[in-house]
Amino acid sequence: MLGLKDILRRSRLLRPLRLARLTRIAGTKGHENWQAKLAPEATHWQQALSQTGGRRVLIATSIGGHFAINAIDRLLAVALTARGASVSVGLCDGMLTACQMCESNLFPDVSGFLRDGPQADLCSYCFFPSQKAYIDIGIATHRYSTFLNSADRQEAKSFAALTSYQEIKELVWRGLPVGEHAYAGTLRFFASGDLSAEPCAESVLRRYLEAAILMAAALEALLERERPEVIVAHHGIYVPQGLIAAVARKHGIRLVTWNQAYRAQCFLFSHDDTYHHTMMDEPTEVWSEYDLSKEEREMTLSYLKSRWSGAQDWISFQPRADMALTQDIARLGLDPSRPVVLALTNVMWDAQIHYPANAFSSQREWLVETVRWFAVRPDLQLVIRVHPAELTGTPRSRQFAADILREAFDVLPSNIVLIGPERPVSTYDLARACNSAIIFATKTGVELTSMGIPTIVAGEAWIRGKGITTDARSQVDYFAYLEKLPFATRLSANTIERALRFAHHFFFRRMIPIELVKQQKGPRRFSSEISGIDDLRTGVDAGLDVICAGILDGTPFHMPEVAAARFASSIAQRHGAQ
């Protein structure tokens with residue numbers, strides 16, 4: 001069921017009012033007033049701006065209308081400048097034919113989007129207010145359109161128009177995977193895991209392909225002129241950020257990507273690729289050989305328990321749970337006397353990029369084939385917990401696990417129970433009642449294994465490859481592992497200890513707190529509570545020190561243990577340890 005906000009977003013009649021509101025927000029509270037923050041130490045700030053010889057950093061913000069991204073990028077720009085760097089910012093000034101700002105729920109008339117692109121609705125509030133916020137504090141900005149010529153535009157248009165629809169996803173242009181990011185951007189536009197049910201899919205995909213090529217061409221020209229030593233980009237996937245990451249790697253320029261993390265006031269930073277990949281490819285030696293102290297183990301267990309309610313997080317999709325539902329699983333339609341296997345889904349469209357280790361071509365295929373396998377195994381029960389973010393995520397999903405199963409099966413077999421995203425069921429408590437778990441890509445695998453639950457991984461979950469889970473690299477592998485169900489025991493003590501080490505590394509070392517960043521209600525999400533430029537210099541905020549050192553010097557984005565413990569204790573006291 002659509003909420004009021006979704007209904008208003010999809011109303012054609014209210015589009016002018018929505019655009020006026022966004023424009024007003026962009027010109028007022030959408031961009032934090034850093035000019036006022038720096039005014040008390042204006043002389044020091046001007047001295048920082050006038051420094052020469054520092055490391056050249058390009059912050060490729062690109063989408064000025066995403067106020068949350070801009071809030072953190074602007075903080076980084078000021079902090080890096082205060083530490084001697086020469087910082088500039090890249091912004092799209094309406095040159096892209098499609099981008100991450102575009103979502104189908106913002107375009108109830110998709111034909112209008114195909115005709116006019118984002119320029120008619122989004123670009124007016126996106127570029128100019130963001131550029132002004134940087135100019136006001138003296139940070140140089142680059143308009144991407146100035147790095148394109150008519151030949152670039154014609155080449156992008158021709159490729160987008162002439163490439164076979166079936167070949168777009170795999171298209172490589174000048175050594176860059178433009179098709180992959182165009183396809184990912186299109187899935188995000190439709191908030192769907194595939195395009196089969198979208199009548200305008202081909203036309204939208206061609207728009208994203210044209211945008212991907214334009215972005216790649218503009219950035220290559222920008223890099224040739226400005227020659228930055230390091231590029232900072234949010235996320236590192238979709239259009240335009242995926243192309244920024246690809247171009248940086250092609251030209252051997254250091255890349256740093258970042259994203260908001262789950263834990264309150266924390267962020268994930270990665271070198272050279274999106275965190276979706278680096279968290280899977282990171283060598284296990286960076287955490288597996290670290291012996292947790294008693295305090296660190298207790299800290300980790302306490303935080304993992306808090307995940308049940310999200311008390312110490314600022315990203316939580318889990319609704320307030322009715323714990324009675326899992327205390328008596330018969331109320332969920334399950335037989336307590338027979339083994340129960342838990343399957344956890346993800347939002348279908350999220351981060352659909354290439355992973356070589358997937359056993360299935362898509363989460364949809366995995367879900368359907370898993371149900372088919374369990375349908376002929378009445379001795380086992382399968383409970384499918386649909387991710388709550390199907391309803392609470394942004395953009396709101398338009399493809400639902402329940403619909404996929406209805407299309408594939410007239411009626412679900414009696415030994416299979418589907419728990420929808422709206423149900424107030426604690427996923428974590430439900431897991432305790434299960435014999436084992438199966439996941440595709442959910443990050444919940446970190447918590448499951450820390451609880452001792454044997455877990456089979458079929459997709460690109462971050463817990464894959466850590467020596468903790470049973471990882472399927474093919475469908476043959478996957479079904480062979482299912483044949484071993486039900487698993488006779490929980491994970492061994494050694495495996496649980498390994499899982500806790502990874503959980504500690506994941507939540508306390510890789511998720512880096514910036515203590516001066518506070519949660520802000522409204523579209524900006526964040527505010528930076530500083531009294532002047534000195535608050536951003538080395539030695540004031542331990543997390544910001546790690547981040548700036550990683551950007552400037554290429555050091556690991558790992559929070560020091562002492563600082564991590566101090567911050568964790570502060571957050572636990574503030575929110576109440578669970």
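Here the structure is a predicted model, which is why all the values come from computation and not from measurement.
Between the CZ atom in Arg143 and the CG atom in Leu148 there is a gap of 12.5 Å [rounded to 0.5 Å]. Within the model, atoms NZ of Lys169 and OG1 of Thr163 stand 16.0 Å from one another, a figure rounded to the nearest 0.5 Å. Taking CE of Met279 as the reference point, atom CZ of Phe502 lies at 4.5 Å (rounded to 0.5 Å). In this structure, CD1 in Ile530 is found 7.5 Å from CG in Leu75, a value given to the nearest 0.5 Å. In this structure, CD in Gln241 is found 12.5 Å from CD1 in Ile231, a value given to the nearest 0.5 Å.
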Passes side chain to side chain donor-acceptor pair (under 3.5 Å), Arg207 versus Thr186? Steps please. CA-CA 9 Å; Arg207 261 196 172 273; Thr186 306; over 6 Å; no
Please step through ring-ring contact (aromatic ring centres under 6.0 Å, His included) for the pair Tyr303 and Phe508, ending with a clear verdict. CA-CA 10 Å; Tyr303 173 71; Phe508 291 98; 5.7 Å; yes
Evaluate Val204 against Phe107 for side-chain contact (heavy atoms from CB on, under 4.5 Å), listing each step before the verdict. CA-CA 12 Å; Val204 172; Phe107 292 93; over 6 Å; no
Run the side-chain contact (heavy atoms from CB on, under 4.5 Å) check on Trp349 and Gln399 step by step: do they pass? CA-CA 8 Å; Trp349 62 263; Gln399 185 180 40; over 6 Å; no
Evaluate the side-chain contact (heavy atoms from CB on, under 4.5 Å) criterion for residues Glu103 and Phe190: first the C-alpha distance (whole Å), next the side-chain angles of each, then the deciding distance (0.1 Å), finally the verdict. CA-CA 7 Å; Glu103 301 170 8; Phe190 286 112; over 6 Å; no
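Here Asp272 does not pair with Arg249 in a salt bridge; the nearest charged N to carboxylate O distance is not below 4.0 Å. In summary, Glu210 and Arg153 do not engage in a salt bridge, as defined by a charged side-chain N under 4.0 Å from a carboxylate O. Looking at Arg254 and Asp553, no side-chain N of the basic residue comes within less than 4.0 Å of a carboxylate O on the acidic one, giving no salt bridge.
In this structure, the side chain of Thr257 engages the main chain of Asp273 through a donor-acceptor pair within 3.5 Å. In terms of modelled atom types and a separation under 3.5 Å, the side chain of Arg263 and the main chain of Phe507 share a donor-acceptor contact. When atom types are taken as modelled, the side chain of Arg509 and the backbone of Val286 share a donor-acceptor pair closer than 3.5 angstrom. Under the 3.5 Å distance criterion, the side-chain polar atoms of Asp471 are matched with a main-chain donor or acceptor of Gly465. No donor-acceptor distance shorter than 3.5 angstrom exists from the side chain of His31 to the backbone of Arg524, with no hydrogens or angles considered. Judged purely by atom type and a 3.5 angstrom limit, Ser192 uses its side chain to pair as donor or acceptor with the backbone of Asp194. Counting only distance, with no hydrogens or angles, the side chain of Tyr208 and the backbone of Cys99 share a donor-acceptor pair below 3.5 Å. Using a distance-only test at 3.5 Å, with no hydrogens or angles considered, a donor-acceptor pair links the side chain of Lys37 to the main chain of Ser528. No side-chain donor-acceptor contact under 3.5 Å links Asp152 to the backbone of Ala217. Panel note: side chain Gln119, backbone Gly94; a donor-acceptor pair is recorded below 3.5 Å.
Judged by the 6.0 Å and 45° rule, Arg225 forms no cation-pi pair with Phe147. A cation-pi arrangement is present between Arg74 and Tyr134 under the rule of less than 6.0 angstrom and at most 45 degrees off the ring axis.
You'll find the ring centres of Phe189 and Phe113 inside the 6.0 Å limit. For Phe557 and Tyr275, the distance between ring centers is not under 6.0 angstrom.
Contact detail for Ile439 and Gly445: the closest heavy-atom pair is CD1-CA, 3.8 Å. For the residue pair Leu122 and Met101, the shortest heavy atom distance occurs at CD1-O, 3.5 Å. Closest approach of Thr442 and Thr345 over heavy atoms only: CB-O, 4.5 Å. The two residues Ala26 and Pro129 come nearest to each other via the heavy atoms O-CB, 3.4 Å.
For Glu220 and His251, the side-chain atoms include at least one donor-acceptor pair closer than 3.5 Å. In this model, a donor atom of one side chain and an acceptor atom of the other lie less than 3.5 Å apart for Arg510 and Ser270. Between the side chains of Trp173 and Glu155, at least one donor-acceptor pair of N or O atoms lies under 3.5 Å. No side-chain donor from either of Gln100 and His235 sits under 3.5 Å from a side-chain acceptor of the other. A donor-acceptor contact closer than 3.5 angstrom is absent between the side chains of Ser150 and Gln154.
Contact check for Gln265 versus Lys518: side-chain heavy atoms found under the 4.5 Å cut-off. Using a 4.5 Å heavy-atom cutoff, the side chains of Phe159 and Leu171 are in contact. Taking the side chain as every heavy atom from C-beta outward, Arg501 and His504 never approach each other to under 4.5 Å. Counting heavy atoms from C-beta on, the side chains of Ile59 and Ile139 never come closer than 4.5 Å.
The local environment of NZ in Lys157 is sparse, with at most 12 non-hydrogen atoms from other residues, nucleotides or ligands closer than 6.0 Å. Counting heavy atoms of neighbouring residues, nucleotides and ligands inside a 6.0 Å radius, atom NZ of Lys29 does not exceed 12 of them. For Arg55, the CZ atom is densely surrounded, since the number of other residues' heavy atoms within 6.0 Å is greater than 12.
Screening Thr141, Asp93, Asn70 for a side chain to side chain donor-acceptor pair (under 3.5 Å) involving Ser130 leaves a single residue, Asn70. Considering Asn33, Leu49, Val78 as possible partners of Ile137, the one that fulfils the side-chain contact (heavy atoms from CB on, under 4.5 Å) test is Val78.
By the 30° and 60° cut-offs, the orientation of the rings of Trp314 relative to Phe526 is tilted.
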